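Before any comments, here is the structure.
The model shown is predicted, which means the values in this text are computed figures rather than measured ones.
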Amino acid sequence: MSNIKLDFKNSKIVSRQIMKYAERVEEIHKELHEDAKDENKFVGWLELPSEYDKKEFEKIKKCAKKIRKDSEVLLVIGIGGSYLGARAVIESLTHTFYNALDKEQRKSPQILYAGNNISGAYLNDLMDLIGDKDLSINVISKSGTTTEPAIAFRIFREYLENKYGIKEARKRIYVTTDSEKGALKTLADTEKYETFVIPNNIGGRYSVLTAVGLLPIAVAGINIDDLMAGAKIAQDKYNDQNLKYNECYQYAVARNVLYSNYKNLEILVTYEPKMHYLIEWWKQLFGESEGKEGKGIFPAGAEFTTDLHSLGQYLQEGRKNIFETVINVVEPLSNLKIRADEDDLDGLNYLEGKTLDFINKKAMQGTIEAHVDGDVPNILINMDRLDAKTIGHLLYFFELACAVSGKILEVDPFNQPGVEKYKKNMFKLLKKAIY
């Protein structure tokens, strides 16, 4: 069974500060569960681990099996929530150098990404990397007109049709989009592409446990049944309106307590490089959900110990508007021991017999103590291990905490009105006709 446990002892928050929010949290809990029943709200993710479409879930596994059989590369085309969740899970749960392994070692297609930038150099280099390898595409977009993925899909659709011919290319394009409308849905219906649905009541940044994330994750060889089982554990565990017993709600409240004390920048920290894109997914989830109406905690991320050699000085002695949330993986996936060296020129013999995980955790402990002494409060999230169940649990934990935290801030955690501003300016500069 997966498990996640929070530790607030270094947060500089006492229990009574959290419990002051008990009544408000109870109201939010009821509101979210009521909204989950409304198809016009964006709270479908709340009951997704128990209410997901079982028929589509089996179709995802069937198509993933086909892609794994006939393709050396799956190209995931999407931006923001359309690819970050899948990439977070894949990179957390596969070999650190997954895409660089020989296909015999990897046993699954390479998973590559496009449509998350507008760089010609990136796309040309990507085509060089793909070369002559057999390719399938999963394009993910609610509308099909979001600029970055639309450009990438136009280019790679042509690439696929030139390589295989139109008829065979159609069998290698998998579309995840709206169930009824939009440019991509229209194209998919016309070309008879295999399609998956982005539920109307789930926004992009909350969509990782839908086909948006599950198809690429399954292609990578990750057990999506376990992923959903972990999310279901979290759904059950945090379905308690009593703040005293709900650590997910306690985390949401703790963030707001710190925010009220002028700690308006949160750094999510990992000591495990595999979790780099988990942090990127978390940054979008919280940044797009809370940054509104002149409010919000700015979400940043760091990988320690690496970033201690670039950010450590600032964290220790810079502005005191920061707090850290540290993810600690309790059981390492693998380990190494330090052996004695006769010359000991590097002075490391004092570590003889100790594992890298032991040393890494002592670095974490020492860093937390130093930062707390430097007025950087720390919240510790202990997760049992890096496996599909625990990652599914963690994803749901953060989604629910984000929704509750946004409600406490009195902003709508499910819209993103500010995102449209840059697009309007860009379209104006590009002289796009707006109707």
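Between the side chain of Thr176 and the main chain of Val197, no donor-acceptor pair closer than 3.5 Å is present. Distance alone, capped at 3.5 Å, is enough to place a donor-acceptor pair between the Lys292 side chain and the Asp412 backbone. For Gln241 (side chain) and Glu27 (main-chain N/O), no donor-acceptor pair under 3.5 Å exists by modelled atom type. Proximity of a side-chain donor or acceptor of Asn99 to a complementary backbone N or O of Gln110 within less than 3.5 Å is not detected. Gln17 contributes no side-chain N or O that, together with a main-chain N or O of Val257, makes up a donor-acceptor pair within less than 3.5 Å. Although no hydrogens or angles enter the test, the distance criterion places no donor-acceptor pair under 3.5 Å between the side chain of Asn10 and the main chain of Asn378. Using modelled atom types, no side-chain atom of Lys107 and backbone atom of Gly221 make a donor-acceptor pair closer than 3.5 Å. Judged by distance alone, with hydrogens and angles left aside, the side-chain atoms of Lys12 form no donor-acceptor pair with the main-chain N or O of Val376 at under 3.5 Å. Between the side chain of Asn3 and the backbone N or O of Asp384, no donor-acceptor pair lies under 3.5 Å. A side-chain donor-acceptor contact under 3.5 Å links Asn349 to the backbone of Asp341.
With Ile217 as the partner, the side-chain contact (heavy atoms from CB on, under 4.5 Å) test is satisfied by one option alone out of Leu209, Ile224, Thr94: Ile224. None of Lys389, Lys54, Lys61 except one satisfies the salt bridge (Lys or Arg N to Asp or Glu O under 4.0 Å) rule with Asp225; the exception is Lys61.
With sequence neighbours excluded, the residues forming a ring pair (Phe, Tyr, Trp, His ring centres under 6.0 Å) with His29 are His33, Tyr249, listed by chain and number. Legend: residues meeting ring pair (Phe, Tyr, Trp, His ring centres under 6.0 Å) with His371, ordered by chain and number and at least two apart, are absent. Evaluation of the salt bridge (Lys or Arg N to Asp or Glu O under 4.0 Å) rule for Arg157 yields Glu161, Glu191 as partners, not counting sequence neighbours. Looking at residues two or more places apart in sequence or on another chain, you find no salt bridge (Lys or Arg N to Asp or Glu O under 4.0 Å) involving Asp53. Applying the salt bridge (Lys or Arg N to Asp or Glu O under 4.0 Å) rule to Arg255 yields the partners Glu266, Glu290; only residues at least two apart in sequence or on another chain are considered. Applying the side-chain contact (heavy atoms from CB on, under 4.5 Å) criterion to Ala300, with sequence neighbours excluded, gives Leu265, Ile267, Phe298. Under the rule for a ring pair (Phe, Tyr, Trp, His ring centres under 6.0 Å), Tyr259 has no partner lying at least two apart in sequence or in another chain. For Phe286, the ring pair (Phe, Tyr, Trp, His ring centres under 6.0 Å) criterion is met by Trp282, not counting sequence neighbours. Residues satisfying the side-chain contact (heavy atoms from CB on, under 4.5 Å) test with Ala36, not counting sequence neighbours, are Val43, Leu46, Glu47.
At a threshold of 4.0 Å, the pair Lys30-Glu26 counts as salt-bridged, since one of the basic side-chain nitrogens sits closer than that to a carboxylate oxygen.
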Trace of the side chain to side chain contact (heavy atoms under 4.5 Å, CB included) decision for Leu268 with Phe398: CA-CA 12 Å; Leu268 185 66; Phe398 278 134; 4.2 Å; yes
Salt bridge (Lys or Arg N to Asp or Glu O under 4.0 Å) evaluation trace for Lys59 with Glu194: CA-CA 10 Å; Lys59 186 170 114 173; Glu194 192 74 71; 3.4 Å; yes
Worked check of salt bridge (Lys or Arg N to Asp or Glu O under 4.0 Å) between Glu280 and Lys283: CA-CA 5 Å; Glu280 294 301 305; Lys283 282 161 58 178; 3.1 Å; yes
Full working for side chain to side chain contact (heavy atoms under 4.5 Å, CB included) between Leu400 and Leu32: CA-CA 9 Å; Leu400 181 56; Leu32 287 173; 4.2 Å; yes
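Enclosure of atom CD in Gln105 by more than 12 non-hydrogen atoms of other residues, nucleotides or ligands within 6.0 angstrom is indicated. The neighbour count for Lys65 NZ, taken as heavy atoms of other residues, nucleotides or ligands under 6.0 Å away, does not exceed 12. Counting heavy-atom neighbours within 6.0 Å of Lys237 NZ, excluding the residue itself, gives a total above 12. Annotation: Tyr245, atom OH; neighbour count of heavy atoms from other residues, nucleotides and ligands within 6.0 Å does not exceed 12. Residue Glu410 qualifies as open at atom CD: its count of foreign heavy atoms under 6.0 Å is 12 or below. Annotation: Lys5, atom NZ; neighbour count of heavy atoms from other residues, nucleotides and ligands within 6.0 Å does not exceed 12. Within a 6.0 Å sphere centred on OH of Tyr350, other residues, nucleotides and ligands contribute 12 heavy atoms or fewer.
Between Asp178 and Ile198 the shortest side-chain heavy-atom distance does not fall below 4.5 Å. Taking 4.5 Å as the limit, every side-chain heavy atom of Asn321 sits out of range of all side-chain heavy atoms of Lys263. Looking at Pro377 and Ile13, their side chains never come closer than 4.5 Å, going by heavy atoms from C-beta outward. Side-chain contact check for Ile327 versus Leu278: some heavy-atom pair is nearer than 4.5 Å. Between Glu399 and Ile202, the closest side-chain pair of non-hydrogen atoms is not below 4.5 Å.
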Residues 77-91 side chain polar contacts: donor-acceptor under 3.5 Å, at least two apart:
residue	atom	partner	partner atom	Å
Arg87	NE	Glu91	OE2	2.8
Arg87	NH1	Tyr277	OH	3.3

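Tyr52 OH to Lys232 NZ: the interatomic distance, rounded to the nearest 0.5 Å, is 10.0 Å. Here OH of Tyr98 is found 6.0 Å from CZ of Arg106. Values are rounded to the nearest 0.5 Å. Rounded to the nearest 0.5 angstrom, Ile359 CD1 and Leu348 CG are separated by 8.0 Å. The distance from atom CD of Gln316 to atom CD1 of Ile322, rounded to the nearest 0.5 Å, is 11.0 Å.
Side-chain atoms of Asn264 and Lys295 include no donor-acceptor pair closer than 3.5 Å. Side chains of Asn256 and Ser405: a donor on one and an acceptor on the other come within 3.5 Å.
Identified under the salt bridge (charged side-chain N to carboxylate O under 4.0 Å, His left out) test for residues 122-136, with sequence neighbours left out: Asp132-Lys163. Residue pairs meeting the ring-ring contact (aromatic ring centres under 6.0 Å, His included) criterion with at least one partner in residues 195-223, sequence neighbours excluded, are Trp45-Tyr206, Tyr206-Phe414.
Heavy-atom minimum distance, Ala388 versus Leu93: CA-CD1, 3.6 Å.
Residues Tyr396 and Tyr238 place their aromatic rings such that the two centres sit no closer than 6.0 Å.
With Phe57 as the aromatic partner, Lys55 does not meet the cation-pi criteria of under 6.0 angstrom to the ring centre and within 45 degrees of the ring axis.
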